**Student:** 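Pasting a structure below so you can have a look.
We count residues from 1, following the sequence as given. Computed from a predicted structure; not experimentally measured. In each ligand, atom 1 is the first atom listed, and ligand 1 is the first ligand listed.
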Amino acid sequence: MKNILITGGAGFIGSNYINHLLSTDDESFVVNLDKLTYAGNLENLKASESKKNYRFVLGDITNIELVNYLFDKYKIKYVINFAAESHVDRSILGSGIFYQTNVIGTNVLLEAARKFEVEKFLQVSTDEVYGSLGKEGLFTESTPLSPSSPYSSSKASADLMCIAFHRTFKLPVVITRCSNNYGPYQFPEKLIPLMIINALKNQSLPVYGDGLNVRDWIYVLDHNDAIRLIFERGKAGEIYNIGASNEMTNLQIVNLVLKRLNKSSELIKFVKDRPGHDKRYAIDSSKLRNELGWKPKYDFNQAIDHTIDWYIKNQNWWENIVSGSYKNYYSKQYNNR
Ligand code: NAD
Ligand code: TYD
């Protein structure tokens, strides 16, 4: 058995990862440590909850005693750290919790991983640590770090800490830096689910600035396949970019959603831009493709259709979110914009 601590496994990417892993692998024993913040949802894990090789633990990665207890109790030898505060706009409204979880929390996990001599520690990072691109060029693993938001600066700090733990303590850390994900179970504060849900409710679609910012979209299961491969075969101390070479402006995404749902483009509302808004992200993932043989499997048009269908069919899932405390965030973020 491979005993893996997966943190943040009740969130969007982590829950997709656990559900997929446990449906295809009996040799892994997964302990999912998640604080169940607003973004964590055990409903995402229905497919895994009754598996004998799965345990859920409600707790915070910044809790040193709990983390050490779990490493000891479950003889943890592998870590995949998904847990994070993950939304740029929230980091602008209040940054403290981002540094607590994303920096201090990662430090607690690294120290425990060192103490219990883990065989692999995979840090799930983001292309946002590189900052913004102009019209040309792609992020490579050697692009200098230049984060713009409290969120991305906290992720960059964690990356630097991971590299230092590899250099100083020989901890077998690998870092993945992926571009923007979409797919089922994504919290509706992020661009694609927010636009799908607003369009379904015939509410306005708030586009920041001129809508010409570019993101490089990847289906969540392609991201997770890459993580799995890097977890198994990635070299300690290395960084791997993950991306599907699928650049789109925000307006292209919003228009596509409206078209698929047969809604009028009059729903689009241009609102005040996000402060420090990165203009363009685009990933060069040739290292991962050439060294480990990864390539994305999902076609964007099919995967986005599947995602839109998922939100249509799983109205209960997002109704629960939209009707609860998320409402307060939404009015704080979008009123007076
Ligand atoms: P998410 O916000 O959907 O989920 C985060 C999860 O972490 C939630 O279940 C939450 O409860 C948990 N969590 C938060 N603070 C915690 C704490 N202190 N202790 C334990 N659990 C805690 O995020 P996501 O979109 O699934 O992102 C997962 C990871 O992938 C993050 O590290 C993020 O930076 C990275 N990432 C995300 C994207 C993307 O497009 N969403 C792209 C690249 C990288
Ligand atoms: P987001 O999903 O928050 O991801 P990130 O900022 O981490 O890339 O936003 C994606 C893009 O969509 C980004 O350029 C900001 C823009 N955006 C809007 O125009 N309106 C919105 O309501 C949101 C949430 C995002």
**Student:** Just to be sure I read this right, does ligand 2 sit under 4.0 Å from the backbone of Asn250, its side chain, both, or neither, counting only heavy atoms?
**Tutor:** side chain
**Student:** Do Asn68 and Lys115 come close enough that some side-chain heavy atom pair is under 4.5 Å?
**Tutor:**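 Answer yes - side chains close enough.
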**Student:** Starting from atom 2 (O) of ligand 2, locate the nearest protein heavy atom and write down its residue, its atom name and how far away it is, to 0.1 Å.
**Tutor:** Leu191 N, 2.9 Å
**Student:** Report the part of Tyr281 (side chain from C-beta onward, or backbone N, CA, C, O) that has a heavy atom under 4.0 Å from ligand 2; answer both or neither where that applies.
**Tutor:**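 The answer is the side chain.
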**Student:** So, Lys35 side chain and Ala83 main chain: donor-acceptor pair closer than 3.5 Å or not?
**Tutor:**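 Judged by distance alone, no pair lies under 3.5 Å.
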**Student:** Where on Arg215 is there a heavy atom closer than 4.0 Å to ligand 2, on the side chain, on the backbone, on both, or on neither?
**Tutor:** side chain
**Student:** For atom 27 (O) of ligand 1, what's the nearest protein heavy atom and its distance?
**Tutor:**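 Atom 27 (O) of ligand 1 sits closest to the protein heavy atom Ile13 CD1, 3.7 Å.
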**Student:** Relative to the heavy atoms of Val207, which atoms of ligand 2 are at a distance of less than 4.0 Å?
**Tutor:**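 What qualifies from ligand 2 is 19 (O).
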**Student:** Classify the side-chain pair Tyr219/Asn246 by whether it contains a donor and acceptor separated by less than 3.5 Å.
**Tutor:**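 No, because no side-chain N or O of Tyr219 sits under 3.5 Å from a partner of the opposite role on Asn246.
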**Student:** Would Phe82 count as a contact residue for ligand 1, given that I'm defining contact as a non-hydrogen atom of the residue lying under 4.0 Å from a ligand atom?
**Tutor:** yes
**Student:** Closest non-hydrogen protein atom to atom 40 (O) of ligand 1, residue and atom name please, with distance?
**Tutor:**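 Heavy-atom neighbour on the protein nearest atom 40 (O) of ligand 1: Asn181 N, 2.9 Å.
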**Student:** Within less than 4.0 angstrom of ligand 1, does Tyr151 place any heavy atom?
**Tutor:** yes
**Student:** May I ask you to check whether Tyr130 and Arg177 show a side-chain donor-acceptor distance below 3.5 Å?
**Tutor:**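 There is such a pair between these side chains.
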**Student:** Got an N/O contact under 3.5 Å between Asp60 and ligand 1?
**Tutor:**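 Yes.
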**Student:** Which of these, Cys178, Ser125, Ser285, sits in a side-chain contact (heavy atoms from CB on, under 4.5 Å) with Ile242?
**Tutor:**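 Among Cys178, Ser125, Ser285, the one meeting side-chain contact (heavy atoms from CB on, under 4.5 Å) with Ile242 is Cys178.
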**Student:** I'd like the name of whichever of Thr101, Thr62, Asn63 reaches closest to atom 15 (N) of ligand 1 through any heavy atom.
**Tutor:**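 It is Thr101 whose heavy atom sits nearest to atom 15 (N) of ligand 1.
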**Student:** Heavy-atom contacts with Tyr334 under 4.0 Å: which atoms of ligand 2 show up? List them by number with element.
**Tutor:**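 Near Tyr334, the atoms of ligand 2 are 21 (C), 22 (O), 23 (C), 24 (C).
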**Student:** Please classify the Leu36 to ligand 1 contact at 4.0 Å (heavy-atom distances, strictly less than): side chain, backbone, both or neither.
**Tutor:**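 Backbone only; the side chain of Leu36 stays clear of ligand 1.
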**Student:** Is there a side-chain contact between Thr249 and Val254, using heavy atoms and a 4.5 Å cut-off?
**Tutor:** no
**Student:** Quick one: which ligand 2 atoms are inside 4.0 Å of a heavy atom on Pro206?
**Tutor:** 18 (C), 19 (O), 20 (N), 21 (C), 22 (O)
**Student:** Mind checking whether Phe12 has an N or O less than 3.5 Å away from an N or O of ligand 1?
**Tutor:**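 Looking only at distances, the answer is yes, because the N/O contact criterion of under 3.5 Å is met.
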**Student:** Give the ring-plane orientation class for Phe82 versus Tyr17, where under 30° counts as parallel, over 60° as perpendicular and anything between as tilted.
**Tutor:**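 Phe82 vs Tyr17 ring planes: tilted.
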**Student:** Does any N or O of ligand 2 fall below 3.5 Å from an N or O anywhere on Arg274, backbone included?
**Tutor:** yes
**Student:** Only heavy atoms of Lys155, strictly under 4.0 Å: list the atoms of ligand 1 that pass.
**Tutor:** 31 (C), 32 (O), 33 (C), 34 (O)
**Student:** Checking Lys263 against Asn202: is there a side-chain donor and acceptor pair closer than 3.5 Å?
**Tutor:** yes
**Student:** Please state which part of Asn180 comes within less than 4.0 Å of ligand 2, counting heavy atoms only: side chain, backbone, both or neither.
**Tutor:**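 Under 4.0 Å from ligand 2, Asn180 contributes side-chain atoms alone.
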**Student:** Asn180 to ligand 1: N or O pair under 3.5 Å?
**Tutor:** no
**Student:** Scan side-chain atoms only and decide if Tyr38 and His87 contain a donor-acceptor pair under the 3.5 Å cut-off.
**Tutor:** no
**Student:** Please could you name the atoms of ligand 2 that Lys190 approaches to less than 4.0 Å, counting only its heavy atoms?
**Tutor:** 2 (O)
**Student:** Do the side-chain N and O atoms of Asn328 and Ser325 include a donor-acceptor pair separated by under 3.5 angstrom?
**Tutor:** no
**Student:** Enumerate the atoms of ligand 2 whose separation from the nearest heavy atom of Glu189 is less than 4.0 angstrom.
**Tutor:**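 Per the distance check, 24 (C).
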**Student:** Would Ser125 count as a contact residue for ligand 1, given that I'm defining contact as a non-hydrogen atom of the residue lying under 4.0 Å from a ligand atom?
**Tutor:**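 A heavy atom of Ser125 does come that close to ligand 1.
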**Student:** CG of Leu5 to CZ of Phe71: how many Å apart, nearest 0.5 Å?
**Tutor:**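 If I round to the nearest 0.5 Å, the distance is 5.5 Å.
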**Student:** Does at least one non-hydrogen atom of Gly9 fall below 4.0 angstrom from an atom of ligand 1?
**Tutor:** no
**Student:** For atom 9 (O) of ligand 1, which of Ile104, Asp127, Asp34 has the closest heavy atom?
**Tutor:**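 Selected option, by shortest heavy-atom distance: Asp34.
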**Student:** Specify the protein heavy atom at minimum distance from atom 19 (O) of ligand 2: its residue, its atom name, and the distance to 0.1 Å.
**Tutor:**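 Going atom by atom, the protein heavy atom closest to atom 19 (O) of ligand 2 ends up being Tyr208 N, 2.9 Å.
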**Student:** Closest heavy-atom contact between Asn102 and Ser154?
**Tutor:** ND2-OG, 3.0 Å
**Student:** Quick one: does Tyr54's side chain have a donor or acceptor within less than 3.5 Å of a partner on Asn19's backbone?
**Tutor:** no
**Student:** Which of the numbered atoms in ligand 1 are under 4.0 angstrom from any heavy atom belonging to Ser179?
**Tutor:** 42 (C), 43 (C)
**Student:** Around atom CG of Asn336, are there more than 12 heavy atoms of other residues, nucleotides or ligands at under 6.0 Å?
**Tutor:** no
**Student:** N/O to N/O below 3.5 Å, does that happen between Thr126 and ligand 1?
**Tutor:**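 No; the residue has no nitrogen or oxygen that sits under 3.5 Å from a nitrogen or oxygen of the ligand.
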**Student:** Do you see a donor-acceptor pair shorter than 3.5 Å between the side chains of Asp127 and Ser179?
**Tutor:**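 Per modelled atom types, Asp127 and Ser179 side chains form no pair under 3.5 Å.
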**Student:** Between ligand 1 and Gly105, can you find any atom pair, the residue atom being a heavy atom, that is separated by under 4.0 Å?
**Tutor:** no
**Student:** Considering only heavy atoms of Val88, which atoms of ligand 2 have at least one such atom less than 4.0 Å away?
**Tutor:** 6 (O), 7 (O)
**Student:** Of the choices His277, Glu128, His87, Arg280, which has the non-hydrogen atom that lies closest to atom 14 (O) of ligand 2?
**Tutor:**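 Shortest heavy-atom distance from atom 14 (O) of ligand 2: His277.
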**Student:** Between the side chains of Asp89 and Tyr334, is a donor N or O closer than 3.5 angstrom to an acceptor N or O?
**Tutor:**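 No.
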**Student:** Shortest non-hydrogen contact from Ile192 to Tyr182?
**Tutor:** CD1-CB, 3.7 Å
